[in-house]
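Single-structure report; data block below.
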Amino acid sequence: QVQLVESGGGSVQAGGSLQLSCVASRYTSQSDCLGWFRQSPGKEREGVAAMYANDVITRVADSVKDRFTISHDNAKRTVNLQMNNLKPEDTGTYFCAAHRRCVYLDFDIEQWNDWGQGTQVNVSS
């Protein structure tokens, strides 16, 4: 089990940017997947962006395509989410997650093993 701690959330106006960071308690295995999910009140948790730890493939939800970028720095044990051109609908709690022994990169929540406590992102119009 890996412990994940998110940071970087805050309040911004639409069109602004935020960078979320997640620090892991251990170095990731190249067989792991790392990702970001978000949840708004009354809505289901949804995948935002994910990637293989080996950086070969990344996946980004259509709703944030061309606006969000996920990256990984293994030396710092971090996974980041750069969020640009934020919209009010991006508001929610963002969770960092890890998927051990990841073969297929997907947003199936049941497949993800470890989760952070979340960081709040508020985007006002």
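Keep in mind it's a predicted model, so treat the numbers as computed, not measured. Residue indices begin at 1 and follow the sequence shown.
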Checklist entry - What is the distance from atom CD of Gln111 to atom CZ of Arg101, rounded to the nearest 0.5 Å? => result 12.0 Å
Next on the checklist: Quick check: do Trp36 and Cys96 have side-chain heavy atoms less than 4.5 Å from each other?
Outcome noted: yes
Checklist entry - Of the non-hydrogen atoms in Asp90 and Tyr94, which two are nearest, and what is the gap between them? => result O-OH, 2.6 Å
Checklist entry - When rounded to the nearest 0.5 angstrom, what distance separates CG in Leu34 from CG in Leu105? => result 10.0 Å
Checklist entry - Between Gln117 and Glu6, is there a donor-acceptor pair closer than 3.5 Å when you use the side chain of the first and the backbone of the second? => result no
Checklist entry - Any chance CD of Gln3 has more than 12 other-residue heavy atoms, nucleotides or ligands included, within less than 6.0 Å? => result no
Checklist entry - When you measure from the side chain of Arg45 to the backbone N and O of Ile109, does any donor-acceptor pair fall under 3.5 Å? => result no
Checklist entry - Just by distance, with hydrogens left out, do Asn122 and Gln120 show a side-chain donor and acceptor under 3.5 Å apart? => result yes
Next on the checklist: Taking the side chain as everything from C-beta on, heavy atoms only, tell me whether Ser21 gets closer than 4.5 Å to Lys76.
Outcome noted: no
Checklist entry - For Leu20, which of Val121, Ile70, Val79, Val48 qualifies under side chain to side chain contact (heavy atoms under 4.5 Å, CB included)? => result Val121
Item to check | Heavy-atom pair of closest approach, residues Ala50 and Phe107 | outcome: CB-CE2, 3.7 Å
Next on the checklist: How close do Thr28 and Ala53 get, counting heavy atoms only, and between which atoms?
Outcome noted: OG1-CB, 3.9 Å
Checklist entry - Angle class for the Phe37/Trp112 ring planes (parallel below 30°, perpendicular above 60°, tilted otherwise)? => result perpendicular
Checklist entry - Is there a salt bridge (Lys or Arg N to Asp or Glu O under 4.0 Å) between Asp114 and Arg100 once you walk through the steps? => result CA-CA 8 Å; Asp114 304 305; Arg100 297 189 296 274; 2.7 Å; yes
Checklist entry - In Å and rounded to the nearest 0.5 Å, what is the OG1 to CE distance from Thr69 to Met51? => result 10.5 Å
Next on the checklist: Please give me the minimum heavy-atom distance between Cys102 and Asp32, naming the atom from each residue.
Outcome noted: CB-C, 4.0 Å
Next on the checklist: Going by side chain to side chain contact (heavy atoms under 4.5 Å, CB included), Ser63 matches just one of Lys87, Glu89, Arg38. Which one?
Outcome noted: Arg38
Checklist outcome for this item: For residues 40-85, the ring-ring contact (aromatic ring centres under 6.0 Å, His included) pairs (sequence neighbours left out) are none
Next on the checklist: side-chain contact (heavy atoms from CB on, under 4.5 Å), that's the test. Do Met83 and Leu81 meet it? Break it down for me.
Outcome noted: CA-CA 6 Å; Met83 306 184 293; Leu81 184 68; 3.8 Å; yes
Checklist entry - At what distance, to the nearest 0.5 angstrom, does OG of Ser125 lie from CD of Gln13? => result 9.0 Å
Checklist outcome for this item: Value for SG (Cys33) from CD1 (Ile57), rounded to nearest 0.5 Å, stands at 9.0 Å
Checklist entry - What heavy-atom pair brings Ser17 and Asn85 nearest, and what distance separates the two atoms? => result OG-N, 4.1 Å
Checklist entry - Do the side chain of Ser40 and the main chain of Thr91 share a donor and acceptor less than 3.5 angstrom apart? => result yes
Checklist entry - Can you check side chain to side chain donor-acceptor pair (under 3.5 Å) on Gln82 and Asn80, steps first, answer last? => result CA-CA 6 Å; Gln82 178 64 48; Asn80 302 308; over 6 Å; no
Next on the checklist: Tell me the closest heavy-atom pair linking Gly9 and Thr119, and the distance in Å.
Outcome noted: N-OG1, 3.2 Å
Next on the checklist: Checking Val60 against Arg67 for the side-chain contact (heavy atoms from CB on, under 4.5 Å) test, could you report, in this order, the C-alpha distance in whole Å, the side-chain angles of both residues, the deciding distance, and whether it holds?
Outcome noted: CA-CA 9 Å; Val60 181; Arg67 297 190 298 119; over 6 Å; no
